[in-house]
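Step one of this worksheet: look at the structure below.
Note on naming: letters A, B, ... go to the chains in the order of the sequence lines (proteins, then strands), and numbering restarts at 1 for each one.
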Amino acid sequence: MPSEVRIRFAPSPTGALHVGGARTALFNWLFTRKNHGKFLLRIEDTDVKRSTRASLEQILDSLQWLGLQWDEGPFFQSERKAHYEEAIGQLLHTGNAYKCFCSPKRLNELRARAKAMSAPFIYDRMCATLSDAEVQRREAQGERCTIRFHVPLSGETIFDDVIFGPVRVENKLIGDFVIARSDGLATYNLCAVVDDNLMSISHVIRGEDHLSNTSKQILLYHALRYPVPKFVHLPLILEPDKAPLSKRHGATDVLQLREEGFLPEAVVNFLALLGWAYNGATEVFSLDELISKFSLKAVSKAAAVFDATKLLWMNGLYMRSLPQKVVIDRAKAFMAGAGYDIPQYDSKWLDGIITLEIERSKTLKELAAHLEFFLSDQLRYDETAVEKFLLREESQEIIGHVRNRLASLEQFDIKTLEQALRSLAEELNLKFGQVVHPTRVALTGSSASPGIFDVITNLGQSRVVARLDSALELIRQRRQP
RNA sequence: GGCGCUAUCGUCUAGCCCGGUUUAGGACAUCGCCCUCUCAAGGCGGAGACGCGGGUUCAAAUCCCGCUAGCGCUACCA
């Protein structure tokens, strides 16, 4: 029996959670659930300058919205300094680390010189050979120092990544890296190692951008005599232009996706398909199916482009396949959040018109927009539709007839309406569509809408007649000159 | 510059490990047709890819080498 599966998602709160981070979180979560392990959330906020409270909240909010519940945490690295200091002390004590007094200026010069010679920059280890007395003297003088890890000069560090396979790097190419800044705060590589050990993490699942850091961390594991976890690096997610994910390209933040009216179920399903495939043919998975079918072994090594169009398609799929009641409730909540006064509407009527638009909307936002002509009598006429269907020779007459026929109806159910309009078309010697199209534009302002009878019944007789009158008025005005 | 990683339709991918079953499969997008009161949905069909160059082999998308391109790391960021 393998030891317990303990997984962590460790974002740094320096910005909102974007789809790349969300995908990492998802894969972490799926792997945990599949293996009945524990999912921990750790906030890597050691960079005090860039970490913000707002980012933290956005990340937590995003994770919750996606339904990725964590079992332990959140833990904050900013509150765990004692652990890092202890490890650093141990490293110093065992001679695996040393104090470095080199100034940023000298380091920059070293870097510049290396670049000028197009040679690789590796810290020259000047401070590695300082005597204890010298170190003490300079410290006593109040000189600030960083602490560097003593990387072995020879040999190589090898690890077997679960996704990428064996990766090997020569130690002499790594260079003594900083594990504690001059202000005493430990850096990422050290904190991650110390915490992953303390938290008994079994698999470190993170973005491919950390692949190159892994050998450094393994060196740290060895020096600290910690057991080394399994490493799993996930391929990156790219913008359509193949550039790394960034703000400038629009909605790639999870919270933005929510604002755009996407459903978390669809986002999760879509994200799962970014770098992972079950058999290449099945694309739609419930969360439970995802958990049972997910496998890190099946994750691709190549970076994937975030295709918003496919997400849109999948969201539409979920709009139509999730239980209607669920979508209706989500739509109402979304609209309330967008400023609509939901309680003012008759609940049953609202549910009805939402239902009509669910199948023709890809997002909740789009759905809300489609509802506009039902909710407001300030019709926004689509100019193309007006020209095509209202300003035609025969339109005025047709709409006039429709108006009178509908106004005269005693019953206003679909059956009666259909009979009325079909016979009207027959009497006028017109095709049904010729009657319907101008009517639709007059009623909705657009040439696209739900079925005309659904529109009419849900608008109600008085509003229908009023709109037909308005359309007639509009036609008269537009024809004046 | 050094090191590391990656490379199948425009995009997400299956196939690659264990060479032949592949006229390289599916999905999104796109184009056409059907359905139809419009839109959407749905149905049917079309176009569309193994980065390049060498090997190995009777046979290579699949194995090997080189190249190219992209990305990552090379921070007192994570």
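Among the heavy atoms of the strands, none lies under 4.0 Å from A:His370. Contacts of A:Gly275 with the nucleic acid, taken as non-hydrogen atoms under 4.0 Å apart, involve only primed sugar atoms and P, OP1 or OP2. Among the atoms of the strands shown, none is found under 4.0 Å from any heavy atom of A:Lys172. Within 4.0 Å (heavy atoms only), A:Glu44 reaches sugar-phosphate atoms of the nucleic acid but no base atom. Residue contacts for A:Cys102: at a heavy-atom cut-off of 4.0 Å it reaches a base atom on one of the strands shown. Within the 4.0 angstrom heavy-atom criterion, no nucleotide atom of any strand lies near A:Pro235. Across all strands, A:Ser182 comes closer than 4.0 Å to base atoms (heavy-atom distances). Among the atoms of the strands shown, only primed sugar atoms or phosphate atoms (P, OP1, OP2) are found under 4.0 Å from some heavy atom of A:Asp47.
Atom P of nucleotide B:rC76 and atom CD of A:Glu143 are separated by 17 Å, given to the nearest angstrom. When the P atom of B:rC37 is taken as reference, atom CD of A:Gln419 falls 17 Å away, rounded to whole Å. Atom CZ of A:Phe306 and atom C1' of B:rU13 are 17 Å apart (whole Å). If you measure from atom CG of A:Leu185 to atom C1' of B:rA78, you get 14 Å, rounded to the nearest angstrom. Between the C1' atom of B:rA78 and the CD atom of A:Gln217 lies a distance of 10 Å, rounded to the nearest Å. Remark: C1' of B:rG72 and CG of A:Leu238 are 11 Å apart, rounded to the nearest angstrom. Spacing between atom NE2 of A:His210 and atom C1' of B:rU74 amounts to 15 Å, rounded to whole angstrom units. In this structure, A:Leu273 places its CG atom 12 Å from P of B:rC12, rounding to the nearest Å.
Taking atom P on both B:rG25 and B:rG15, the two are 15 Å apart, rounded to the nearest angstrom. Between the P atoms of B:rA61 and B:rG51, the separation comes to 11 Å (whole Å). Taking the C1' atoms as reference points, B:rC44 lies 24 Å from B:rA49, given to the whole Å. B:rU74 and B:rC64 are spaced 30 Å apart, taking the C1' atom of each and rounding to whole Å. Distance check on atom C1': B:rG48 versus B:rC28 gives 13 Å, rounded to whole Å. With both ends at atom C1', the span from B:rU30 to B:rC17 equals 35 Å, rounded to whole Å. Comparing the same atom, P, in B:rC16 and in B:rC34 gives a spacing of 41 Å after rounding to whole Å. Across the P atoms, B:rU62 and B:rG19 are found 12 Å apart, a figure rounded to whole Å.
Aromatic pair A:Tyr318/A:Phe262: centroids not less than 6.0 angstrom apart. Checked against the 6.0 Å centroid criterion, the rings of A:Phe306 and A:Phe270 qualify as a close aromatic pair. Between A:Trp70 and A:Phe9, the ring centre distance reaches or exceeds 6.0 Å.
Pair check for B:rG42 finds B:rC34; Watson-Crick or G-U wobble, both atom distances under 3.5 Å. The partner of B:rG1 is B:rU74, by the rule that a Watson-Crick or G-U pair needs both atom distances under 3.5 Å. The partner of B:rC67 is B:rG51, judged by Watson-Crick or G-U wobble contacts that both fall below 3.5 Å. For B:rA24, there is no paired base (Watson-Crick or G-U wobble, both distances below 3.5 Å). In this structure B:rG19 sits in no base pair that meets the Watson-Crick or G-U test at under 3.5 Å. Using the Watson-Crick or G-U wobble rule with both distances under 3.5 Å, B:rU57 pairs with nothing in any strand shown.
In the set B:rU38, B:rC73, B:rA41, the nucleotide with an atom closest to the side chain of A:Asp209 is B:rC73. Nearest to the side chain of A:Lys216, among B:rC12, B:rC73, B:rC76, sits B:rC73. Each of B:rC76, B:rG72, B:rC12 was ranked by its minimum atom distance to the side chain of A:Arg148; first place goes to B:rC76.
The phosphate of B:rA78 has neither OP1 nor OP2 within less than 4.0 Å of any side-chain N or O from A:Arg50. Between A:Lys242 and B:rU11 there is a side-chain polar atom (N or O) within less than 4.0 angstrom of OP1 or OP2.
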Distances under 3.5 Å only, N/O to N/O: pair up the protein atoms with those of nucleotides 1-7 of chain B.
residue	atom	partner	partner atom	Å
B:rG1	O2'	A:Ser118	O	2.5
B:rC5	O2'	A:Glu208	OE2	3.4

Nucleotides 14-33 of chain B: protein proximity per nucleotide (B base, S sugar-phosphate only, - neither; heavy atom, under 4.0 Å): S----------BBBSS----
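When the nearest nucleotides of RNA chain B are assigned to A:Leu236 and A:Ala186 by heavy-atom distance, the more 5′-ward of the two goes with A:Leu236. Mapped onto RNA chain B by nearest heavy atom, A:Pro11 and A:Phe453 fall at different nucleotides, with A:Phe453 at the one closer to the 5' end.
At distances below 3.5 Å, not a single donor-acceptor pair connects side-chain atoms of A:Arg106 with backbone N or O atoms of A:Phe101. Without hydrogens or angle criteria, A:Thr187 side chain to A:Val178 main chain gives a donor-acceptor distance under 3.5 Å.
A side-chain hydrogen bond (donor to acceptor under 3.5 Å, both in side chains) with A:His233 is found for exactly one of A:Arg206, A:Glu208, A:His210, namely A:Arg206.
Within residues 420-436 of chain A, the residues that have a heavy atom under 4.0 Å from RNA chain B are, in order of number, A:Arg422, A:Phe432, A:Val436.
A donor-acceptor pair shorter than 3.5 Å cannot be found between the side chains of A:Tyr188 and A:Asp47. A side-chain N or O of A:Tyr98 and one of A:Asp176 form a donor-acceptor pair less than 3.5 Å apart. If you check the side chains of A:His222 and A:Thr157, you find no donor sitting under 3.5 Å from an acceptor. Checking A:Ser55 against A:Thr52 by side-chain atom types alone, a donor-acceptor pair falls below 3.5 Å. A:Asp45 and A:Ser78 form a side-chain donor-acceptor contact under 3.5 Å, judged by distance and modelled atom types alone.
To the nearest 0.5 Å, atoms CD1 (A:Ile353) and CZ (A:Phe373) are separated by 8.0 Å.
Applying the side chain to side chain contact (heavy atoms under 4.5 Å, CB included) test to A:Lys388 and every residue at least two apart in sequence or in another chain returns A:Arg392. Looking at residues two or more places apart in sequence or on another chain, you find no salt bridge (Lys or Arg N to Asp or Glu O under 4.0 Å) involving A:Asp161.
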Throw together a table of side-chain donor-acceptor distances under 3.5 angstrom for residues 396-403 of chain A, partners on residues two or more places apart or in other chains.
residue	atom	partner	partner atom	Å
A:Gln396	OE1	A:Arg479	NH1	3.1
A:His401	ND1	A:Glu397	O	3.0
A:Arg403	NE	A:Asp469	OD1	2.7
A:Arg403	NE	A:Asp469	OD2	3.4
A:Arg403	NH2	A:Asp469	OD2	3.4

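Annotation: cation-pi pair A:Arg330/A:Phe334 absent, no NZ/CZ under 6.0 Å from the ring centroid and within 45° of its normal.
Checked by distance alone, A:Thr146 brings no side-chain donor or acceptor within 3.5 Å of a matching partner on the base of B:rC76.
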